[in-house]
Number of protein chains: 2
Amino acid sequence: MTTIYDSRYVIIVEQLKRVRVEKKVTQRTLAGLLGQQQSYVAKVEGGERRLDILELFDWLKALRADPLIFLREIGWVAQERPGNIPALPLPGHVEEVHGGLNLIMAWQGEKKIVFLQDAKPHDYLIVEKEITAIFQELNNHKSKTMNREAICKAFQLAFELLPAVNPSDVYHHIVYRLYLREYTKTNAEQSWVRAGGEAVELFVARHYADRLAANGIEIKALLSRGEKAAALAEMGLAGTVGDSKLDISLYGVIERKRYIFGGIHCKASFAERVSDDVPCSEAMMRSGLTSLLFTFDAKSFPPPAGDLINRGELGTHENPSDKRRYIEEHGSFDACFCYNLRSVPSKKKTTSGKRIYVCKFDEDDVLPQKVIEAWQQYKVKHKL
Amino acid sequence: MTTIYDSRYVIIVEQLKRVRVEKKVTQRTLAGLLGQQQSYVAKVEGGERRLDILELFDWLKALRADPLIFLREIGWVAQERPGNIPALPLPGHVEEVHGGLNLIMAWQGEKKIVFLQDAKPHDYLIVEKEITAIFQELNNHKSKTMNREAICKAFQLAFELLPAVNPSDVYHHIVYRLYLREYTKTNAEQSWVRAGGEAVELFVARHYADRLAANGIEIKALLSRGEKAAALAEMGLAGTVGDSKLDISLYGVIERKRYIFGGIHCKASFAERVSDDVPCSEAMMRSGLTSLLFTFDAKSFPPPAGDLINRGELGTHENPSDKRRYIEEHGSFDACFCYNLRSVPSKKKTTSGKRIYVCKFDEDDVLPQKVIEAWQQYKVKHKL
DNA sequence: CCGACCGGTCG
DNA sequence: GCGACCGGTCG
């Protein structure tokens, strides 16, 4: 019959006793310091008498124990980790500079500046305010919005109001960092991993839906394990690769009949994780299906060593990373669409013939063009 | 010529001004509330006059701004994230129970209990104390110990003093959680990812070194990118798989000549990440080399939903996970050695013939046996 | 229930 | 410089 309150109080009492014993203070001595009888200390340590907050602090003071350290030991206050506060944008704080704006971040009480090219303070401030409100709403216990929906909404808003800005910077410096700043319900970094990753898939499917529908193509985010497995089964790949290795499926529609002709793998950033998707992608390509890779290629190095500039991980032609080689040399995907304007696109000719395209979400975006082409080719090949 | 001190102060002034403007308080009004002339406010906001800490708090009070919120906004204090404090063992706090001990953790001020089978309080308390000292030393800025070396030392100590306890629980509930509790120099969770992962590789190589050396086998942790690439080149796999996809190499030695005959992939936990290693492992096996998988298969679900019991991710025979299938069905590794005693080992017969073995670090540990067998078979096959 | 999501770290 | 390391999350 332990209530939460009781359990919390038990920890306090046990730790108070431990501190006293460690400091080799007897119950009698402590009682003397507190101006009380020994029975007072015994009753408190026996859980018979509860301390109010002021009594607790007097108690700790008498033991010469640091209250903050004590609160950490009982898990009420996080361990002090001087380095665990990531760089976060200061609320409403930007400065207009030539060609864009400087986003002012605080990191460990130091000021860090990130330049956002082609961003106007007025637009940024609207974006920050709206996204802040969206994410704060998630902390509300009555909020019915799912985290991935909220983040997807934040992407849509930010890309619409800041169309000229490097999309990967919007992802990484605005939406991601505002989520870290505002989301407090659970561990924000890990929640971002879960919800931010799915939000990218949702965003991609929604952003291109109309453009592709106009060309007889249906794009579908595969959010559940069941949907993923079903899509892989439709492709004839059930059981040959892991069942959960595709993010978005692409269907061509002819007279209400749907033909699955490809899919899109989504990765916010690469790290070593792109190799997860390679076996599924290669299996898709062997089955004559189009396998595309969407990525923000977001990667910056944080302070103190790094400069926070989001250079991505694809490297250059002269000095390619393994990730670039997966596309250009091994041809493990039919194409990679990268939304980090600092990333270096492939040359027209590559070893495998497959290319990295670098785009913004504008009329020159090649992703929908390539999807439409792939469907045309599928129709020709299968005489549809 | 901005010193760190200046940069920090600039943030304070700018944010103080922002708070005043947001609250629609004029400089004159604020000055009145502070019992000062308007020029005082102007000078402070202009950076000409510095506020001492008490003046700062008076200032915030006059603006009816919460000091803690303000300190968070300037990045001096972490955002309050009620859920971001992981379950951490309370210092020196265990209770002896039948068949083992209860490890007492604090999570959000609640008490959480994890049962450690076959652990004795006396031994646990030594382990906790020693590991705490090792990890606290890392916070010392003069510490020359590398994080991975410190964690490896913690593993060696803990497995030696608690030989009967589930090794995965020692990894997950003792070493990992003490690292979270004690390591404060940088973001402890991410530091654990980096250093804890490498420490597992180091530990495996060191733990088995003598036993294997007695059988003419050299085991080597591949810690640098160069070492990994070199080992893959020796195997004849350079360039065919990513260059960084092997953790430990195995050499047989005959008359000072070294023959690479296999390798070990290490994974503290699976998640989806085992598929990273599958392509390299399969390539090794195709080349006639032995490819083994070492894992703690550590996975518990934390509060509030989870019960913290470290059940791993391999599932059962009736309900296998994708990870079990990688071994038992697809045979993507020659064997999987799993050090979580709650994991279900393979039956003697599997579809692929490859098996999951569940072990402790004792005389029945099958890993060294299988490595020695593999080297014998290699010698026979290559007539060495 | 039980899976894949991703980025700070530090060698 | 620049890579792979892993676990809380939440649908």
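Naming convention: chains lettered A, B, ... in sequence-line order (proteins, then strands); numbering from 1 in each chain. These figures come from a predicted structure and were not determined experimentally.
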Any donor-acceptor pair under 3.5 Å between the side chain of [X] and the base of [N]?
X: Arg273(B); N: dG7(D); answer: yes
X: Gln190(A); N: dG7(D); answer: yes
X: Arg194(B); N: dC5(D); answer: no
X: Lys245(A); N: dG3(C); answer: no
X: Glu272(A); N: dG3(D); answer: no
X: Lys299(B); N: dG3(C); answer: no

Write down the distance between [atom1] ([X]) and [atom2] ([N]), rounded to a whole number of angstrom.
X: Leu223(A); N: dC5(C); atom1: CG; atom2: C1'; result: 12 Å
X: Leu138(B); N: dT9(C); atom1: CG; atom2: P; result: 15 Å
X: Phe270(B); N: dG8(D); atom1: CZ; atom2: C1'; result: 19 Å
X: Ile151(A); N: dC10(D); atom1: CD1; atom2: C1'; result: 11 Å
X: His172(B); N: dG7(D); atom1: NE2; atom2: C1'; result: 8 Å
X: Lys185(A); N: dG8(D); atom1: NZ; atom2: C1'; result: 15 Å
X: Asp276(B); N: dC6(C); atom1: CG; atom2: P; result: 13 Å
X: Asp297(B); N: dC2(C); atom1: CG; atom2: P; result: 13 Å

So, does Arg324(A) use its side chain to make a donor-acceptor pair with the main chain of Ile356(A) at under 3.5 Å?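 It does not hold such a pair.
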Where is the tightest heavy-atom contact between Tyr183(B) and Ala188(B), given as atom of each residue plus distance?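 That closest heavy-atom pairing would be O-CB, 3.4 Å.
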Taking 4.0 angstrom as the limit, do [X] and [Y] come out as a salt bridge?
X: Asp297(B); Y: Lys267(B); answer: no
X: Arg194(A); Y: Glu198(A); answer: yes
X: Glu313(A); Y: Lys323(A); answer: yes

[X] side chain near [N] phosphate (N/O to OP1/OP2, under 4.0 Å):
X: Thr186(A); N: dG8(D); value: no
X: Trp192(B); N: dT9(C); value: no
X: Lys323(B); N: dG3(C); value: yes
X: Tyr179(A); N: dT9(D); value: no
X: Tyr171(B); N: dG7(D); value: yes
X: Asn147(A); N: dC10(D); value: yes

Which nucleotide wins on minimum distance to the side chain of [X], given the candidates [options]?
X: Met146(B); options: dC6(C), dT9(C), dG11(C); result: dG11(C)
X: Ser191(A); options: dC5(C), dG11(C), dT9(D); result: dT9(D)
X: Phe301(A); options: dG11(D), dG3(D), dC10(D); result: dG3(D)
X: Tyr183(A); options: dC10(C), dC10(D), dG8(C); result: dC10(D)
X: Val193(A); options: dC6(C), dG8(C), dA4(D); result: dC6(C)
X: Ala271(A); options: dC6(C), dG7(C), dG11(C); result: dG7(C)

Of Asn319(A) and Thr145(A), whose closest DNA chain D nucleotide lies nearer the 5' terminus?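 Of the two residues, Asn319(A) wins.
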How do Glu313(A) and Val200(B) order along DNA chain D: which one's closest nucleotide is nearer the 5' end?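 Taking each residue's closest nucleotide, the earlier one in sequence belongs to Glu313(A).
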When you match Asp277(A) and Ser300(A) each to their closest nucleotide on DNA chain C, which lands nearer the 5' end?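 The answer here is Asp277(A).
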When you match Ser321(B) and Cys266(A) each to their closest nucleotide on DNA chain C, which lands nearer the 5' end?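 Of the two residues, Ser321(B) wins.
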Are Asn147(B) and Tyr179(B) close enough that a side-chain donor and a side-chain acceptor fall under 3.5 Å?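 A pair is found: one side chain offers a donor N or O, the other an acceptor, under 3.5 Å apart.
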Taking the side chain as C-beta and beyond, is there a heavy-atom pair between Val204(A) and Asp247(A) under 4.5 Å?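 No, side chains not in contact.
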